[in-house]
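Counting starts at 1 for both ligands and their atoms, in listed order.
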Amino acid sequence: MCGVIGYVGLGANPDFFFNGLKRLEYRGYDSAGIAMLTSDGTISVERAEGKLANLQSKLARLPAKATVGIGHTRWATHGRPTENNAHPHRSGDIVLLHNGIIENYRPLKEALMAKGYTFTSETDTEVAAHLLNAEYSALPASLPAFEKMQKAIYKTVAQLKGAFAFGILCTKTPDVLYAVRLGSPMVIGEGEGEYYMASGITALVEHTRRVMFLEDHEVAFLRSSGLTLTDFQGAPVKRDFQKVEWSVSMMEKGGYRHFMLKEIHEQPQAIAQTLQGRLEREAGRVNIVDYGAAALPLKSIDRLQIIACGTSFYSGLLAKFFIEKFARIPVEVDLASEYRYRVSTVTKNTLAVAVSQSGETMDTLQAIKFARSSGAFTLGVLNVPGSSIAVACHAESLIHAGPEIGVASTKAFSAQVTNLMMLGLALAQERETMKPNEIGQVIEELVKIPAFVEQCLGLSDAIEKLANKYHSERSILFIGRGPQWAVALEGALKLKELSYIHAEAYAAGELKHGPIALIDEDLTVVCLAPRDEYYEKTISNIEEIKARGGKILAVGTEGDKDLMALADDFIGVPPTSSIVSPFATTVPLHLLAYWIAVRKGTDVDQPRNLAKSVTVE
Ligand code: F6R
């Protein structure tokens, strides 16, 4: 969580930092701050509580131009979201901001207080600022300031436990930007006579597409004339810049009212991009791995563990149905936050798959590291290039959904499921559980998905009307069977996180084992019942709800008169195969959550208490 931005070069104005933070606001939005250092060594810091917009009125107090500067948008971990707790934090000549958590901040704080340092915030970050200052001040005054900063940074990071990406300025080195990484993302961008630093490439692509991802235990010393990269012991590190494909237009709302609505509408494109270049339609073959493919022992894999959080977890649950069917291999889907607290049962034939849009989710990162250290082969199914999870895995398969800015994940979900289905086919072809012509038939279904999803997007107006009816519900139940159970879980998560309406999802067959006690005339149940192999059984469950007076909002196959007769309201998706069907029913649920949130007036793109990239455990 938290977004950081930095600049060094001939000159940047306050808007540069503010606009960069706007691009990163999805990472945290409870307070923000900017520090600018001019070439004469004058530092100015402005901070504001609440949304980034509150900082805007303070920009005029910052210098018109600075050679170096840093900015931060916060998601609170230690200390309430107040101005005092907003970053950057200052200690003497040093100004520092931070993304991550310093776990051992308490003993360090006590030691620093004993030395006479006064704390003005409740954050763990201020400890790092004072500690760096203490190390810097302890060095001989005769040393050049830059050399002192280098040494002080190495000494400081050696004492810190936890995860951190720091952006640092020192008033005595007004031509240097310091960027430090351990466990939290940090990207460096290269411009003409200037360098940038940020927690995500979304903040950089309007300035440059030439980027370099810092790895753990690295420090970048950035000057307009060039960059030096070292490890935490000071040993030089060599890495080249690479070109990213993301563009500015991908990160604009493009005429949509919210990023979320834009991203829901981008699903056909996201799915198509995931499929692109990976399917050999004629030969009935797939190849999904971007790097590490050669080492990926698909033939000998005898078990899959999909590890993820939130929506990515649900994409794993959905894909499980298909991977097991295609590859006849057991698939476990684990919540990353629980995975590593169990005894590891992985073997060298286990493929552990981390599914993550951001590639930075700390729970998933730690879980996949645990799987790898336990002997599993690890694969990251990821969206953001150069992420921490990619570095932690043996192999990577990008979903290519493009930047997802809305905090609630939508297009990444569909692209993840598509990618995992292809993984199932890749396993099937290596394990020879499907013949090439059978794989070819599934491929023909996969390529139809974008067009079906496009058709379902046409339901938006009808669903907006339904939202007017359902927006004041206190609680909504979702049910589905087979793959539709996973879709129900995703629909319920989206509704609760966006509209703050309590929502739960159950496998339709589970209803009678407890939740049916909730049903009365006041409860609405969203029932997913497309005409598939589970249809008859799900219909029986819907009858049970009807018999107890529950209100039924059914999502089924267009023209299904039987379902319409049972339902209070009906959303019809085009008739499709079982492979396409979950993608078709996901769209109305994403739209329902979206339109209910709009009707309720909640903050759709930045729901309360959430952040896009959850880098704490
Ligand atoms: C829900 C949502 C979250 C994320 C979860 C994992 O709409 O966005 O539940 O899916 O935090 O994030 P990633 O996929 O980045 O690991």
In terms of the angle between their ring planes, are Phe322 and Phe326 parallel, tilted or perpendicular, with boundaries placed at 30° and 60°?
tilted
Any idea how His394 and Phe377 line up, ring-wise: parallel (<30°), tilted (30 to 60°), or perpendicular (>60°)?
parallel
Relative to the heavy atoms of [X], which atoms of ligand 1 are at a distance of less than 4.0 Å?
X      : result
Ser312 : 10 (O), 13 (P), 14 (O)
Ser356 : 13 (P), 14 (O), 15 (O), 16 (O)
Ala408 : 7 (O)
Lys494 : 1 (C), 7 (O)

Min side-chain heavy-atom separation Leu589-Glu490 under 4.5 Å:
no
Ignoring angles and geometry beyond distance, decide whether Thr364 reaches within less than 3.5 Å of ligand 1 through its nitrogen or oxygen atoms.
no
N or O contact, Ser409 vs ligand 1, cut-off under 3.5 Å
yes
Testing the 3.5 Å rule here: is there a donor-acceptor pair between the side chains of [X] and [Y]?
X      : Y      : answer
Asp363 : Tyr339 : no
Asn468 : Arg599 : yes
Tyr26  : Thr202 : yes

Any donor and acceptor pair, going by atom type alone, linking the side chain of Glu263 with main-chain N or O of Gly406 inside 3.5 Å?
yes
Name the closest protein heavy atom to [atom], giving the residue it belongs to and the distance to 0.1 Å.
atom                    : result
atom 1 (C) of ligand 1  : Glu497 OE2, 2.9 Å
atom 3 (C) of ligand 1  : Thr311 N, 4.1 Å
atom 11 (O) of ligand 1 : Val614 CG2, 4.1 Å
atom 12 (O) of ligand 1 : Thr361 OG1, 3.4 Å
atom 15 (O) of ligand 1 : Ser358 OG, 2.7 Å
atom 5 (C) of ligand 1  : Cys309 O, 3.6 Å

Under the ring-ring contact (aromatic ring centres under 6.0 Å, His included) test, which residues partner Tyr256, sequence neighbours left out?
His265
Has Arg608 got its NZ or CZ under 6.0 Å from the middle of the six-membered ring of Tyr500, at an angle within 45 degrees of the ring axis?
yes
Does Val407 come within less than 4.0 angstrom of ligand 1, counting non-hydrogen atoms of the residue?
yes
Please state whether Glu360 comes within less than 4.0 angstrom of ligand 1, counting heavy atoms only.
no
